[in-house]
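All remarks here apply to the structure that follows.
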Amino acid sequence: MTGAARQSWLIRGARPLAGPATDLLVTDGVIAETGSGLSAPGAQLLDATGLTALPGLVDLHTHLREPGREDAETVATGTAAAALGGYTAVHAMANTDPVTDTAGVAEQVWRLGREAGHCDVQPVGAVTAGLQGSRLAELGAMADSAARVRVFSDDGRCVSDAVLMRRALEYVKAFNGVIAQHAQEPRLTEGAQVNEGEVSGVIGLAGWPAVAEEAIIARDCLLAAHVGSALHVCHVSTAGSVEIIRWAKSKGWRVTAEVTPHHLLLTDALAASYDPVYKVNPPLRTQADVDALRAALADGTIDCVATDHAPHPAEDKDAEWQAAAFGMTGLETALRVVHAAMVETGHLDWAGVADRMSARPAAIGRLERHGRAIAQGSPANIVLYDPAARSVVDPALHASLSRNTPFAGMELPGQVVATFLRGEPTVLDGKLAR
Ligand SMILES: [Zn+2]
């Protein structure tokens with residue numbers, strides 16, 4: 001579309017953050033005007049009566065699988081799924097094949113995202129070469145590349161070596177980077193399959209203790225404080241982790257954290273079915289953990305929601321529990337799950353959802369053009385959402401190449417009706433616009 005004159009859009013009667021209805025005139029990629037009764041000859045009209053307008057969602061934690069596992073997902077299919085879920089930017093995790101541990105791979109993923117055009121793709125760089133945990137990857141070269149990498153993570157694996165973690169935290173200070181840790185003490189989780197607790201005892205699968213997560217988070221908060229750097233904690237799943245992060249924040253340390261939609265809604269009781277669709281890393285925990293995570297997201301101890309969208313082809317999931325892959329898809333259901341877990345339960349209003357799913361993840365990911373208010377002059381990254389809709393989740397309708405959603409068959413509120421990326425619709429009438 002570059003070079004061509006861009007279509008203006010007049011969005012009529014949308015309710016920013018579920019507040020009073022207004023028209024939004026979108027021209028040249030920005031929100032040019034807001035107010036009621038706007039007119040714009042030549043603009044495309046979109047009737048948004050009854051729809052809630054939110055800033056385009058930002059995901060800090062997406063597995064797009066390309067390069068290397070294009071049978072599970074590609075940048076094109078994963079970003080199509082993201083747009084359908086209301087996202088205008090996703091951070092693509094580094095555990096691809098080859099691993100995103102050089103400027104070259106980071107730029108490749110970034111370019112694939114631009115070519116697909118469904119949403120912005122911001123590559124996450126690996127912390128260690130090949131995710132091997134033995135020496136640092138080319139952090140500076142990735143930061144200086146066209147992809148301007150600022151978030152680094154070995155996600156899927158924990159940077160368990162304290163010296164390497166310290167060096168990584170020190171290194172990224174030079175360019176205001178952040179280390180996103182997958183907190184899993186490897187020795188404490190050898191062979192672990194499900195949350196260690198009552199359910200693991202009953203069903204006889206190896207337990208995954210909460211302390212394996214909490215010990216790493218505590219260590220890393222102390223390391224981040226010691227070197228004065230920025231730590232982001234991926235997919236917090238336990239009540240104890242929340243307490244540690246709350247303590248670290250009370251000290252003024254530069255610690256942020258995310259929670260997944262599935263950890264806000266589901267518990268380890270589902271593992272009793274032995275259905276591997278519920279197998280995920282970190283594992284589903286107890287209702288007490290879910291309650292603590294919801295409260296922490298509501299009070300800001302946990303900064304944001306991140307999907308950990310982890311697509312797998314059927315042959316990797318349709319196996320005995322122990323042989324099946326860890327992970328769940330999430331991009332196309334995230335906003336609806338947060339609606340059910342946080343808004344319907346009274347924990348967050350829509351301003352809160354916009355903060356936790358757009359503004360804060362954009363700030364943590366250093367994306368200046370995302371996460372901005374629905375206001376005159378902001379980049380026109382917008383999602384229009386029907387909060388009154390309800391429907392049963394049908395993975396056959398998803399754009400993701402993979403079908404491993406734990407929400408299949410579940411009735412959820414809401415429907416993404418339209419998504420705009422820099423003023424261009426990526427989704428209209430709940431379907432891909434391009
Ligand atoms: Zn992870």
Side-chain angles (χ1 to χ4, degrees), residues 59-65 68-69 72-73 78 90-97 99-101 122-128 130-133 137 151-161 164-165 168 178-186 188-190 192-195 208-217 219-220 231-238 241-242 245 255-264 266 268 276 278-285 289 293 302-312 316-317 324-331 334 361 364-365 402 404-406:
D59 194 14
L60 274 174
H61 194 144
T62 304
H63 296 277
L64 291 176
R65 302 298 190 215
R69 282 307 300 267
E73 197 77 285
V90 299
H91 288 75
M93 277 299 174
N95 62 340
T96 47
D97 183 14
V99 170
T100 307
D101 59 1
Q122 179 58 50
V124 173
V127 175
T128 69
L131 308 178
Q132 293 303 304
V151 182
F152 297 87
S153 183
D154 274 4
D155 183 67
R157 297 187 189 173
C158 181
V159 180
S160 59
D161 183 312
L164 265 181
M165 188 63 185
V178 57
I179 303 294
Q181 175 71 293
H182 171 117
Q184 178 188 354
E185 210 293 315
L188 285 169
T189 52
E190 275 173 22
Q193 297 290 322
V194 293
N195 178 50
W208 188 307
V211 64
E213 174 172 313
E214 294 155 5
I216 293 291
I217 294 175
R219 181 201 76 177
D220 288 352
L231 169 73
H232 178 71
V233 183
C234 295
H235 41 54
V236 171
S237 73
T238 79
S241 297
V242 167
I245 292 162
V255 175
T256 57
E258 69 189 31
V259 61
T260 72
H262 48 272
H263 288 107
L264 289 170
L266 309 178
D268 63 347
Y278 302 115
K279 181 172 174 178
V280 67
N281 177 350
L284 299 176
R285 305 285 190 181
D289 294 305
L293 294 169
I302 294 178
D303 298 80
C304 65
V305 175
T307 66
D308 195 7
H309 177 80
H312 290 290
D316 291 354
K317 273 307 242 186
F326 288 100
M328 302 169 165
T329 60
L331 288 167
I364 294 165
S402 293
N404 51 304
T405 167

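In each ligand, atom 1 is the first atom listed, and ligand 1 is the first ligand listed.
- Between H182 and H235, the ring-plane angle classifies as perpendicular under the 30° and 60° cut-offs.
- Among all heavy-atom pairs drawn from Q132 and T128, the shortest one is N-OG1, 3.3 Å.
- Within the 4.5 Å cutoff, side-chain heavy atoms of E213 are placed close to those of R285.
- For T238, the side-chain hydrogen bond (donor to acceptor under 3.5 Å, both in side chains) test picks out E214, S241, with sequence neighbours left out.
- For the Zn ion (ligand 1), the nearby protein N/O/S atoms, meaning those under 2.8 Å, are D155 OD1, H182 ND1, H235 NE2.
- L64 has its side chain out of reach of M93: every pair of non-hydrogen atoms, C-beta onward, lies at least 4.5 Å apart.
- Using modelled atom types and a 3.5 Å distance limit, the side chains of D155 and H63 yield a donor-acceptor pair.
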